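What follows is one structure encoded as structure tokens, with my remarks underneath.
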Number of protein chains: 2
Amino acid sequence: MSLKTVKTDKQIRTARYAKAMGHPVRMYVLELLSNQSCCYSGDLSDELPIAKSTLSQHLKELKDAGLIQGEIESPRIKYCINKENWKEAQQLFKQFLGI
Amino acid sequence: MSLKTVKTDKQIRTARYAKAMGHPVRMYVLELLSNQSCCYSGDLSDELPIAKSTLSQHLKELKDAGLIQGEIESPRIKYCINKENWKEAQQLFKQFLGI
DNA sequence: TTCGCTATTCGCAAAACAACGAACAGCTAT
DNA sequence: ATAGCTGTTCGTTGTTTTGCGAATAGCGAA
């Protein structure tokens, strides 16, 4: 392994997931979704003390990381955990943390 | 629980650990330390393609998050995992990820 | 005291992040 | 066509992060 690629793809992916989890609001959203299957953006913004636009940005970050996905149910959007990537994240952190 | 404190202390702490892990260099350092007990800053900077000062910043971030600690062995510094907080991180992520 | 070493801190620039309000987009009902 | 709803995007501001080289700090040996 050359000096230029010391970090493995696994470490990069784990870091990406960790980055997405690195804000309390996103952590809250992920915990809620992993416990109750799905929720609506509107419900979240009713509960959280942040602007709708800020929540939207956080949801976008979680989507970009691949941890959640949203389905349009006009006029609302239903968010849920992306099971495939959630499983991958579970594996990566299990291995990384040794649990 | 009032609207102003929706996020729990646990979520905040987990997010803090996640933030510290949210960069590939720090992920690399943590993985190395969890596998081999300890290492020297100098050895890390020989391996990683980043400036010494940049590595120092990353090590400081991991220390600030409480995940690692350093012992001075003049003229070098030996870094190792902070076992107590590592255990806490294991617990928090185990619970959060459901593994 | 000086030198040489390791490692950190400082100052800088650029990029990324996080908050917001306003404007916009898409949809459905009227 | 318009109104009302939900949710996103844009532009802005302020803060934090990330990279670096230069300067500094601490230590031990000579």
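Note that the coordinates shown come from a computational prediction; the quantities given were computed from them, not determined experimentally. Residue numbers begin at 1 in each chain, while the letters A, B, ... track the order of the sequences.
Among the nucleotides C:dC10, D:dT8, D:dT9, the one closest to the side chain of A:K52 is D:dT8. With C:dT9, D:dT18, D:dG7 as the choices, the nucleotide that has an atom nearest any side-chain atom of B:R26 turns out to be D:dT18. Listed nucleotides: C:dG21, C:dT8, D:dT8. Nearest to the side chain of A:K63: D:dT8. Closest to the A:K19 side chain, of the nucleotides C:dC10, C:dC17, D:dG7, is C:dC17.
If you find the closest nucleotide of DNA chain D to A:Q57 and to A:G42, the one lying nearer the 5' end belongs to A:G42. Across the interface with DNA chain C, nearest-nucleotide mapping of A:L55 and B:P75 shows B:P75 to be the residue nearer the 5′ end.
Side-chain N/O atoms of A:H58 include one lying less than 4.0 angstrom from OP1 or OP2 on C:dA19. Between B:Y40 and C:dC5 there is no side-chain N or O to OP1 or OP2 distance below 4.0 Å. The phosphate of D:dT8 (OP1 or OP2) has a side-chain N or O of A:Y79 nearer than 4.0 angstrom. Applying the 4.0 Å criterion to OP1 and OP2 of D:dG19, one finds that B:T54 has every side-chain N and O outside that range.
Side chain A:S53 to base C:dG21: a donor-acceptor pair is found below 3.5 Å. Interface remark: the A:S74 side chain does not form any donor-acceptor pair with the C:dG26 base, using a distance-only criterion of under 3.5 Å.
Note on A:S41: only backbone sugar-phosphate atoms sit closer than 4.0 angstrom, heavy atoms only; bases stay farther off. Within 4.0 Å (heavy atoms only), B:I50 reaches sugar-phosphate atoms of the nucleic acid but no base atom.
In this structure, A:E88 pairs ionically with A:R13, as a charged nitrogen and a carboxylate oxygen lie closer than 4.0 Å.
Annotation: side chain to side chain contact (heavy atoms under 4.5 Å, CB included) contacts of B:S56 (sequence neighbours excluded): none.
For A:D64 and C:dA16, the CG to C1' distance is 13 Å, given to the nearest whole Å.
Across the helix from C:dT1-D:dA30 to C:dT30-D:dA1, the helix axis at one end is tilted relative to the axis at the other end by 10° (nearest 10 degrees, each axis from five pairs).
Proximity of the aromatic rings of A:W86 and A:F93 is defined here by a centroid distance below 6.0 angstrom, and this criterion is not met.
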